[in-house]
Every structure is written in structure tokens, then in C-alpha cells.
Engineer: 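What follows is a structure written as C-alpha cells; I'll ask about it next.
These values consider heavy atoms only, across backbone and side chains, with no hydrogens, waters or symmetry-generated copies.
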Amino acid sequence: MTDKYTKRQLQIIHSAVDLIASRGMSALTMNRIATEINVTEPALYRHFKSKKDILHGVINLLSQSGIVPNETENTGWDLIEHTMQGKIEKFEDYPSLAAIIFSEEIFSGDNDLSTKINNMMEVTQDRFIRVIQMTQKKGNIREDIEAEQIALFMIGSFRFLVTQWRLSGNKFDLSKRAISLFQDARELFLVK
């Protein structure tokens, strides 16, 4: 999805993410973004028509990645862990994303942006549920627990872990804790 943006547009989007993460949504202004990337404010308008367009870019950045499963893919708990680990690596590479991806309320003042965030969350959950359902069909994950409940457990636990990491100032090894979480969840949900 980022391939539809120019290098400069991506720089602007990343600057917006950093500003929101460090100073909050109210600090996000065209002037501040321009200052952060060392251009004039009118120069920003050559790349984005408005702050809202930049926020759409932020949401597009947040929604990228993730596996779109289909019946021919190798499914199993490893695919579930791989999906989550990909997101962990993204947060470790770009910690500012963690500050806003689970703060969807920052977009609540704008119905269009809120809808887009909600749709992103639904797509992520639906993808995850499909992976779990395919794995259940193969007999690898317990079928006595609904796929939706397993997804909710995993996504909620993951969200809490990432939020805790962010609020601690990234003071612990997120990957290490996530691996531990995945191993414990594996024990809970795999067929024995």
C-alpha cells in the first residue's frame, strides 16, 4: 500500500506518526510537519491537499501488512505466530506506530477517519479468524472454542503486551515477551 506514495509523501506520513506519538493529535499541524521535515508549509500542499489526507496516509500505513489467507496456504499455529511476529517486528522497527495503532480514539473526532480505522480493525480480525478456522479444519486447533474467541484472546493479549511495552518506554524485549505469549497460547489452543 505504501507503493502508491512517493518517497516525500512517506516522509510526511512518518513525520505525522512521530508527531502524534510524541505530542498527541492536537500537535499535528501542517506547520509542525513542515518544520519536522525541513520544508515550507506550502511545499506540503504539493504532496497532500490537507491534514486529513495525511491522516488517511497514516491509517493506510497502519493497515498495511498482514497475511491474506486462502485455502491453499500452509496453515497452522506457525502461520498465526508468523502473522503476529510480523507486526512485532514492525513495532520494533518503528515504535511510534505502537503509540497510535492502539489509540484509535485519536481519530474519533472525524467520522470518516473513525470508519476507516474500524474497517481496518475488522479486516485484521477477519483475516485472523480465517487463519484460525482453516487451522481448526485441519484438526490442529481446538474446535470446542470458537475461532472468534481465540482471535479475540490473541488480539487482546497482543494489544495489551504492545501497549505495556510502549508505556514502559520500550524497556523490555517485545519479541521475547511475544514469543512467550505465543507459546502459552499454543498450549491453550492446540489439539493435544
Engineer: What pair of heavy atoms forms the shortest contact from Asn170 to Arg166, and how long is it?
Structural biologist: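 Closest approach of Asn170 to Arg166: OD1-CA, 3.6 Å.
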Engineer: Is there a side-chain contact (heavy atoms from CB on, under 4.5 Å) between Arg142 and Leu190? Walk through the geometry before answering.
Structural biologist: CA-CA 6 Å; Arg142 294 172 53 179; Leu190 281 186; over 6 Å; no
Engineer: Donor-acceptor pairs are to be reported for all side-chain atoms of residues 14-21 against protein atoms at under 3.5 Å, with residues two or more places apart or in another chain.
Structural biologist:
from  : atom 1 : to    : atom 2 : distance (Å)
His14 : ND1    : Tyr94 : OH     : 3.1
Asp18 : OD1    : Tyr94 : OH     : 3.3
Asp18 : OD1    : Ser96 : OG     : 2.9

Engineer: Counting only heavy atoms not in Asn38 (residues, nucleotides, ligands), do more than 12 fall under 6.0 Å from its CG?
Structural biologist: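 No, not enclosed.
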Engineer: Report the distance from atom CG of Leu181 to atom NZ of Lys176, rounding to the nearest 0.5 Å.
Structural biologist: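 The CG atom of Leu181 sits 15.0 Å away from the NZ atom of Lys176.
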Engineer: A side-chain contact here means heavy atoms from C-beta on lying under 4.5 Å apart; do Leu188 and Ile150 qualify?
Structural biologist: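 Result no, sub-4.5 Å side-chain heavy-atom pair not found.
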Engineer: If every non-hydrogen atom of Met154 is compared with every non-hydrogen atom of Phe182, which pair is closest and at what distance?
Structural biologist: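 Smallest heavy-atom distance, with atoms named: CE-CD2, 3.9 Å.
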Engineer: Run the side-chain contact (heavy atoms from CB on, under 4.5 Å) check on Gln164 and Phe172 step by step: do they pass?
Structural biologist: CA-CA 9 Å; Gln164 193 177 43; Phe172 60 84; 4.3 Å; yes
Engineer: Measure the shortest side-chain to side-chain distance between Asp93 and Lys90 over non-hydrogen atoms and say whether it is less than 4.5 angstrom.
Structural biologist: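 Not in contact.
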Engineer: According to a hydrophobic-cluster definition based on side-chain heavy atoms being under 4.5 Å apart (Ile, Leu, Val, Met, Phe, Trp, Tyr only), do Phe128 and Ile145 belong together?
Structural biologist: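 Shared cluster, yes.
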Engineer: Going through the distances and angles, do Val191 and Ile141 end up as a side-chain contact (heavy atoms from CB on, under 4.5 Å)?
Structural biologist: CA-CA 5 Å; Val191 171; Ile141 291 182; 5.6 Å; no
Engineer: Is it the case that the side chain of Gln9 and the backbone of Thr6 share a donor-acceptor pair, with hydrogens and angles ignored and the cut-off at 3.5 Å?
Structural biologist: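 Looks like yes, one N/O pair under 3.5 Å.
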Engineer: Where is the tightest heavy-atom contact between Phe158 and Lys87, given as atom of each residue plus distance?
Structural biologist: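 Shortest heavy-atom contact: CZ-CB, 3.8 Å.
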Engineer: Just how far is it from atom CD1 of Ile13 to atom CD1 of Ile37, taken to the nearest 0.5 Å?
Structural biologist: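 Those atoms lie 10.5 Å apart.
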Engineer: Which heavy atom in Phe91 sits nearest to a heavy atom in Leu174, and how many Å separate them?
Structural biologist: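 Looking at all heavy atoms of both residues, the closest pair is CB-CD2, 4.2 Å.
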Engineer: Is the closest basic N to carboxylate O distance between Glu81 and Arg186 below 4.0 Å?
Structural biologist: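 The answer is yes: the pair qualifies as a salt bridge.
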Engineer: Can you list everything that forms a side chain to side chain contact (heavy atoms under 4.5 Å, CB included) with Ser175? Sequence neighbours excluded, please.
Structural biologist: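 With sequence neighbours excluded, Ser175 shows a side chain to side chain contact (heavy atoms under 4.5 Å, CB included) to Gln85, Ile88, Glu92, Asp173, given in chain and number order.
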Engineer: Mind running side-chain contact (heavy atoms from CB on, under 4.5 Å) on Arg127 and Thr124 for me, showing each step along the way?
Structural biologist: CA-CA 5 Å; Arg127 286 178 180 167; Thr124 300; 5.7 Å; no
Engineer: Hey, what do you get for CZ (Phe189) to CD (Glu143), rounding to the nearest 0.5 Å?
Structural biologist: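 These two atoms lie 14.5 Å from each other.
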Engineer: As an exercise, state the distance from NZ of Lys52 to CG of Asp112, rounded to the nearest 0.5 Å.
Structural biologist: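 So the gap between those two atoms works out to 4.0 Å.
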Engineer: Applying a strict under-4.5 Å side-chain criterion to I, L, V, M, F, W and Y, I'd like to know whether Leu161 and Leu167 cluster together.
Structural biologist: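 They do not share one cluster, since no chain of ILVMFWY contacts under 4.5 Å joins Leu161 to Leu167.
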Engineer: If the condition is side chain to side chain contact (heavy atoms under 4.5 Å, CB included), which residues does Gln133 pass it with, not counting sequence neighbours?
Structural biologist: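 Partners of Gln133 under the side chain to side chain contact (heavy atoms under 4.5 Å, CB included) test: Ile129, Arg130, Gln136, Ala147, Glu148.
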Engineer: Closest approach of Lys116 and Ile59, non-hydrogen atoms and distance?
Structural biologist: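 Smallest interatomic distance, heavy atoms only, reads CG-CG2, 3.7 Å.
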Engineer: Tell me yes or no: between the side chains of His47 and Asp53, is some donor less than 3.5 Å from an acceptor?
Structural biologist: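 No, no side-chain donor-acceptor pair sits under 3.5 Å.
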Engineer: Establish whether Phe160 and Ile179 are linked, either directly or via other cluster members, by ILVMFWY side-chain heavy-atom contacts under 4.5 Å.
Structural biologist: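 No.
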Engineer: Between atom CD1 of Ile54 and atom CD1 of Ile33, what is the distance when rounded to the nearest 0.5 Å?
Structural biologist: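 Taking CD1 in Ile54 and CD1 in Ile33, the distance rounds to 4.0 Å.
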Engineer: When you measure from the side chain of Trp165 to the backbone N and O of Lys171, does any donor-acceptor pair fall under 3.5 Å?
Structural biologist: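 Checking the backbone N and O of Lys171 against the side chain of Trp165, no donor-acceptor pair under 3.5 Å is found.
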Engineer: Would you kindly confirm whether Met120 and Val123 end up in one hydrophobic cluster when ILVMFWY residues are joined by side chain heavy atoms under 4.5 Å apart?
Structural biologist: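 Shared cluster, no.
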Engineer: Looking at CG of Leu44 and CD of Glu41, how far apart are the two atoms once the value is rounded to the nearest 0.5 Å?
Structural biologist: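 With rounding to 0.5 Å, CG (Leu44) is 7.0 Å from CD (Glu41).
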Engineer: Heavy atoms only: give me the nearest Tyr5-Gly57 pair and the separation to one decimal.
Structural biologist: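 Distance-wise, the nearest heavy atoms are OH-CA, 3.3 Å.
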Engineer: Would you say Ile155 ends up clustered with Leu152 if hydrophobic residues are merged whenever their side chains have heavy atoms under 4.5 Å apart, either directly or through other cluster members?
Structural biologist: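 No, no single cluster joins them.
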